[in-house]
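Structure record follows, encoded as structure tokens.
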There are 2 protein chains.
Amino acid sequence: MSERIAFHILRMQENDIQNFVGTVQDAWDKVKPCETCGYWDDVSPCRICGDSARDHAVVCVVETSQDLVAVSRVRNFNGVYHVLGGALSPLDGVGPQDLKINSLLQRISEGGIREIILALNPDMEGESTSDYISKKIRSWAAGQNGAQMFEIKVTRLAQGLPAGSELEYADEMTLLRAFEGRREMSSMPPAETKPQE
Amino acid sequence: MSERIAFHILRMQENDIQNFVGTVQDAWDKVKPCETCGYWDDVSPCRICGDSARDHAVVCVVETSQDLVAVSRVRNFNGVYHVLGGALSPLDGVGPQDLKINSLLQRISEGGIREIILALNPDMEGESTSDYISKKIRSWAAGQNGAQMFEIKVTRLAQGLPAGSELEYADEMTLLRAFEGRREMSSMPPAETKPQE
């Protein structure tokens with residue numbers, strides 16, 4: 001991909017290259033990370049954080065801006081985001097201070113957040129980062145004196161069989177997660193028509 | 001794959017082809033579907049159904065024998081199986097009578113089953129078949145007079161992000177299912193050390 005772009009640039013006309021360079025410079029000058037969520041925009045807070053039609057009580061935590069774009073395609077989700085800037089990875093020297101975890105706790109401490117949805121990658125780094133953040137939020141929410149300071153739900157995305165896939169070809173770990181996460185099917189007759197005990 | 005096998009057979013020596021044909025004939029003669037679960041074996045009930053070390057109270061319902069093999073790789077699962085022989089597909093003319101649904105209800109009615117895990121493919125046919133079976137079991141379990149005849153849990157495998165995948169590349173439907181199926185993370189301090197309200 002980057003190769004294709006490089007050769008495309010090399011073949012550009014003088015006029016086009018000046019336009020292109022100008023646009024890149026302009027974007028770099030104007031587009032900055034949102035001071036609330038960390039997503040890129042030419043305004044801060046970004047257009048998502050500034051959108052009053054969204055449910056600001058539900059914050060979806062993602063590793064990267066690309067992940068935010070992926071989640072934004074899920075029509076049922078109407079909350080806001082928090083971009084961590086990666087996942088914990090001791091082998092690569094990425095620790096908690098390298099991610100926007102403190103700013104997440106800061107957002108939570110300002111109140112009004114009902115649920116934190118941890119939408120990190122379903123791999124080792126993503127999972128240990130989710131565990132780390134969940135524990136941080138819980139000890140933060142519990143306060144210093146054991147008095148509950150915040151009432152907040154911390155959830156993580158379901159792991160399991162991808163939609164439209166075939167069970168036969170699922171890897172063992174995915175099947176294991178699908179078993180562990182199995183859910184009871186809702187009963188057939190709606191609650192009101194069911195005989196009450 | 002089938003092409004490769006075909007050409008391999010055509011290139012066989014006389015001796016080998018006789019052995020091969022003999023083995024195929026032998027297998028066909030001996031291996032029959034288990035009268036309990038529908039899986040293939042040269043004994044009936046099959047070695048799985050006959051294994052007293054397994055938990056016969058948990059039955060995992062799969063579409064095909066290949067799916068059973070996939071599930072059998074999940075180490076945590078120690079129950080037994082029921083092979084439906086496919087999924088409902090009105091367009092292909094596959095109705096309830098073409099699948100081993102009645103024999104599943106028969107197994108349930110014999111008692112001793114605590115949970116039915118519906119492990120069908122996460123596609124349209126698999127999902128509508130799961131719904132159909134779940135409803136059948138519930139109305140069967142409810143009995144004719146509204147009196148609860150059987151206490152039985154019907155679950156389905158989790159849908160969501162496959163283990164080790166990247167959220168960025170997940171399709172919209174899989175992400176939607178991962179959101180819908182999100183689960184609360186267990187609280188950090190174990191229950192016994194948590195202050196009781």
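Per chain, numbering begins at 1; letters A, B, ... match sequence-line order.
At least one donor-acceptor pair closer than 3.5 Å links the side chain of B:T129 to the backbone N or O of B:L88. A donor-acceptor pair is defined here as one N or O able to donate and one able to accept, closer than 3.5 Å; no such pair exists between the side chain of B:N121 and the backbone of B:D123. Using modelled atom types, no side-chain atom of A:D55 and backbone atom of A:N78 make a donor-acceptor pair closer than 3.5 Å. For B:D51 (side chain) and B:A53 (main-chain N/O), a donor-acceptor pair under 3.5 Å exists by modelled atom type.
Per-residue counts of heavy-atom pairs under 4.5 Å with chain B were compared for A:T64, A:L68, A:V154; the largest is that of A:V154. In terms of heavy-atom pairs under 4.5 angstrom with chain B, the leader among A:R156, A:Q66, A:E180 is A:R156. Contact count against chain A (heavy-atom pairs under 4.5 Å) is highest for B:A119 among B:A119, B:C60, B:G126. By number of non-hydrogen pairs under 4.5 angstrom with chain B, the leading residue of A:G181, A:A70, A:A178 is A:A178. Of all the listed residues (B:R73, B:E166, B:E184), the one sharing the greatest number of non-hydrogen pairs under 4.5 Å with chain A is B:E184. Highest contact tally toward chain B, considering only A:E63, A:K153, A:M124, A:M173, is held by A:K153 [criterion: heavy-atom pairs under 4.5 Å]. Between chain B and the residues A:L161, A:T174, A:V74, the largest count of heavy-atom pairs under 4.5 Å involves A:L161. When the candidates A:V71, A:I137, A:D171 are compared by the number of heavy-atom contacts under 4.5 Å with chain B, A:V71 comes out ahead.
The pair A:R75-B:E172 meets the salt-bridge criterion, with a side-chain N (NZ, NE, NH1 or NH2) lying under 4.0 Å from an Asp/Glu carboxylate O. Note on B:R177 versus B:E127: salt bridge recorded, some NZ/NE/NH1/NH2 to OD/OE distance being below 4.0 Å. One finds no salt bridge joining B:R11 and B:D16 here, because no Lys/Arg side-chain nitrogen approaches an Asp/Glu carboxylate oxygen to under 4.0 Å. Using a 4.0 Å cut-off between charged side-chain N and carboxylate O, B:R47 and B:D42 make a salt bridge. Using a 4.0 Å cut-off between charged nitrogen and carboxylate oxygen, B:K30 and B:D26 count as a salt-bridge pair.
For chain B, the nearby part of A:L118 is the side chain; its heavy atoms alone come within less than 4.5 Å. In this structure, the portion of A:F77 lying under 4.5 Å from any heavy atom of chain B is its side chain and not its backbone. When heavy atoms are compared at a cutoff of 4.5 Å, A:L175 approaches chain B by way of both its backbone and its side chain. If you measure heavy-atom distances from B:L176 to chain A, the contacts under 4.5 Å come from both the backbone and the side chain. When heavy atoms are compared at a cutoff of 4.5 Å, B:E115 approaches chain A solely by way of its side chain, counted from C-beta outward. Proximity to chain B is absent for every atom of A:V69, based on heavy atoms less than 4.5 angstrom apart.
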